[in-house]
Amino acid sequence: MSYSKYLKDTNLVGGKWISADSGETIDVTNPATGDVIGTIPNCGGAETSRAIDAAAAAFPGLASMGLMDRLDLLWKLHDALLDNRDTLAELLTVEQGKPLFEAKGEITIGAAYVRWFAEEARRAKGEIVPAPGGDRRILVTKHPIGVVGMITPWNFPSSMLARKIAPALAVGCTVVAKPATATPYSGLAWGALCEEVGFPSGSVNIVTGSARKIGGAIMEDARVRKLTFTGSTEVGKELIRQSADTVKKVSMELGGNAPFIVFDDADIDKAVQGAIVSKFRNAGQTCVCANRIYVQAGVYDEFVEKLIVETKKMKVGNGLEDGVEQGPMIDMDAVEKVEEFVADATSKGGEVALGGARHDNGQSFFEPTIITQATQDMMFAKEEIFGPIAPVFKFEKEEEAIAWANDTEFGLASYAYTRDIGRIWRLNDQLQYGMIGINSGLITTVEAPFGGVKDSGLGKEGGSQGLEDYLEVKYTAVDF
Ligand code: NAP
């Protein structure tokens, strides 16, 4: 196992690798095999408070370090990620299940975020604003916000932390991070890598264990000035409520329910490829996965036919095996949930055109599934599927597709395939989403602000906006 170096069975607190005070551990399993791959500490509030102590103590030093010295550390972190890419990717696949090529892509984009924010931090400029009188200057300056709490999900256990750790460190904030319990090792690896490249002790602390206790300690502590969370809308809302007591800044990357609209004038082959990558990546377990595929009546049959042909080609299996394009789902609860979506759809007239059941591989493998004759009263019209089910709805008019697309409390990603330039602008104006992919099913890139509107969240990750979220703006009036 080349990845054993990063299979950390301890937590990083104040530059030391520690066990839980109680000595308790949690087993971590490989979803493809059910095998236990290791254990992690079951930490709680006390260990988290010590991690916050360490981050608070490290903050003044990191914040006042020369900019280029700090950015040199980020460049080393970028290189370390790429030097260890294959090892980190294997670890990611073993704990999360996604195919190795997707895991390698995740490590690569994580390194790209580090590089991007190292570049952007050099341009975190303030400004001097004209004052109303001649005897005064108005200075606007930007400062690192302080200790940042980070809570991340299991579906992108490495890159979700990349988008948070990189901008935080780039501007001089220190970190207390809690990775998801199902996939903790990719998170702990960030601690090991930051230590390896020389970030001062206490700059990055990683704690695993009880979500409520660790989350509670982060939220209660006034020294933590910001919380950045990626996960479900339900937990995100609870954390927003908890943030009120210490008036923390919050960034929330929450759930989605992405519409994928295919118009009559679309390049259908391109739309099918886009639907497959958007729908089945990570076994359908991404927040930007196509959740509802709306196809205009004139091309519905052609689109469905081609989607079935292409989806049938997907190889399902252990992500470590060559050629596998879809791994297992994260656990059996996730399998039961997708079964519920299938049962609900078929009870309301939906037809299973492909798949629809657990895969012969056993464990939590589920067949890539296509459901036709989908309608707005089915569960997946309202809820995030988070699994490999592609429901295909039929629509007649542009206004109808846009109205259905917006008929949800979510507003993360949306997609549309069309060659009509006027329609593209109408979609840009009318789709109530933080992100819109036109003729593309894959839109995440470090240069762009990733984030949602409505119940999908607050704040942006990536782009120049992703750095601003870690900066406080100060205004100084100077009279002379
Ligand atoms: P989740 O249940 O909300 O968990 C996310 C993280 O929050 C985990 O680390 C979890 O810890 C922790 N957590 C759970 N309850 C908590 C509490 N009461 N206080 C503090 N922390 C708590 O979400 P998930 O099932 O892992 O992830 C899937 C969801 O994430 C989907 O809805 C998906 O759309 C969303 N997501 C959004 C984005 C985005 O950028 N918008 C990206 C990826 C995923 P444990 O693991 O220990 O339970």
Side-chain angles (χ1 to χ4, degrees), residues 11 26-28 40-45 48 95-96 98 106 109 113 149-164 176-188 206-220 224 227-243 248 250-258 281-291 329-331 333-334 337 383-387 408-414 433-435 443-444 448-462 466 469:
N11 285 179
I26 301 170
D27 288 347
V28 181
I40 47 159
N42 187 6
C43 287
T48 308
E95 67 174 348
Q96 202 275 340
K98 66 179 60 178
E106 183 171 340
I109 198 169
Y113 275 111
M150 306 182 174
I151 302 178
T152 49
W154 50 262
N155 62 344
F156 287 95
S158 187
S159 64
M160 293 298 108
L161 269 174
R163 298 182 341 182
K164 303 179 189 303
V176 176
K178 189 210 102 53
T181 303
T183 58
Y185 293 121
S186 298
L188 288 163
I206 316 271
V207 189
T208 58
S210 160
R212 284 206 168 271
K213 290 182 187 161
I214 296 170
I218 289 175
M219 297 315 289
E220 275 168 20
V224 179
L227 174 81
T228 168
F229 173 76
T230 301
S232 61
T233 295
E234 189 190 351
V235 173
K237 285 184 178 177
E238 192 180 328
L239 293 170
I240 293 172
R241 280 184 215 108
Q242 290 175 15
S243 72
K248 286 188 208 321
V250 292
S251 292
M252 293 282 154
E253 294 289 348
L254 308 177
N257 177 3
R281 192 161 62 105
N282 201 9
Q285 303 169 114
T286 89
C287 53
V288 291
C289 270
N291 208 61
M329 301 195 63
I330 192 68
D331 56 28
D333 285 351
K337 184 82 191 171
E383 284 180 45
E384 189 176 29
I385 301 170
F386 238 58
T408 167
E409 68 269 31
F410 296 107
L412 191 60
S414 57
Y433 287 84
M435 296 176 283
I443 55 176
T444 306
F450 187 105
V453 298
K454 294 161 74 178
D455 277 11
S456 290
L458 296 166
K460 303 289 177 194
E461 295 192 324
D469 269 8

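Just so you know, ligand 1 is whichever comes first in the structure, and atom 1 is the first atom listed for that ligand.
Note on residues 178-188: pairs passing side-chain hydrogen bond (donor to acceptor under 3.5 Å, both in side chains), not counting sequence neighbours, are E95-S186.
When only interatomic distances are considered, the shortest N/O to N/O separation between G231 and ligand 1 falls below 3.5 Å. Ligand 1 has no nitrogen or oxygen under 3.5 angstrom from a nitrogen or oxygen of S456. Here's the thing with I151: none of its N/O atoms is less than 3.5 angstrom from an N/O atom of ligand 1. Not one N or O of T286 is nearer than 3.5 Å to an N or O of ligand 1, by distance alone.
Between R163 and ligand 1 there is a heavy-atom distance shorter than 4.0 Å.
Annotation: atom 38 (C) of ligand 1 to nearest protein heavy atom, C287 SG, 2.9 Å. Nearest protein neighbour of atom 11 (O) of ligand 1, counting heavy atoms only, is K178 NZ, 3.0 Å. Scanning the protein heavy atoms around atom 9 (O) of ligand 1, the nearest turns out to be T152 O, 2.7 Å. Closest protein heavy atom to atom 44 (C) of ligand 1: N155 ND2, 3.3 Å. Of the protein's heavy atoms, A211 O, 3.7 Å lies nearest to atom 19 (N) of ligand 1. The closest protein non-hydrogen atom to atom 27 (O) of ligand 1 is P153 CB, 3.4 Å.
Which parts of ligand 1 touch A180 is read off a 4.0 Å heavy-atom cut-off, strictly below it: atoms 9 (O), 46 (O). Less than 4.0 angstrom separates some heavy atom of G255 from each of these atoms of ligand 1: 32 (O), 34 (O). Counting atoms of ligand 1 from 1 in the listed order, those under 4.0 Å from a heavy atom of L412 are 41 (N).
Within the set T233, T444, I214, L254, the minimum heavy-atom distance to atom 37 (C) of ligand 1 is found for L254. When the heavy-atom distances from atom 5 (C) of ligand 1 to V235, T230, V288 are ranked, the shortest goes to T230. Closest heavy-atom approach to atom 18 (N) of ligand 1 within the set Q285, E383, R212, E384: this belongs to R212. Taking all heavy atoms of S159, A177, S232 into account, the minimum distance to atom 2 (O) of ligand 1 is reached by S232. Between F410, W154, F450, it is F450 that holds the heavy atom closest to atom 40 (O) of ligand 1.
In this view, F386 and W154 satisfy the ring pair (Phe, Tyr, Trp, His ring centres under 6.0 Å) rule, not counting sequence neighbours.
The proximity of E461 to ligand 1, defined as any non-hydrogen pair under 4.0 Å, does not occur for either the backbone or the side chain. The residue F156 has no part lying near ligand 1, judged by heavy-atom distances below 4.0 Å. Contact annotation: for T181 versus ligand 1, heavy atoms closer than 4.0 Å belong to both the backbone and the side chain. Neither the backbone nor the side chain of E234 comes within 4.0 Å of ligand 1, counting heavy atoms alone.
Atom CG of L412 sits about 5.0 Å away from atom SG of C287, to the nearest 0.5 Å. Interatomic distance, CD of E384 versus OG of S456, reported as 8.0 Å (0.5 Å rounding). The CD atom of E461 sits 4.5 Å away from atom OG1 of T230, with the distance rounded to the nearest 0.5 Å. One finds the CD1 atom of I240 at 5.0 Å from the CG atom of L458 (value rounded to the nearest 0.5 Å).
Protein heavy atoms come within 4.0 Å of atom 7 (O) of ligand 1.
Remark: K337 engages E383 in a salt bridge, criterion side-chain N to carboxylate O under 4.0 Å. R212 has a carboxylate O that lies under 4.0 Å from a charged side-chain N of E238, or vice versa, which qualifies the two as a salt bridge.
When atom types are taken as modelled, the side chain of T444 and the backbone of F450 share no donor-acceptor pair closer than 3.5 angstrom. Remark: side-chain polar atoms of K454 are paired, donor with acceptor, to backbone N or O of T408 under 3.5 angstrom. Side-chain atoms of K98 come within 3.5 Å of backbone atoms of N155 as a donor-acceptor pair (strictly under, hydrogens ignored).
Under the side chain to side chain contact (heavy atoms under 4.5 Å, CB included) test applied with E409, the options D455, N257, T233 reduce to a single match, D455.
When side chains are defined from C-beta on, I40 counts as touching L188, because their heavy atoms get closer than 4.5 Å.
No more than 12 heavy atoms of other residues, nucleotides or ligands lie within 6.0 Å of NZ in K213, so this atom counts as exposed by the packing criterion.
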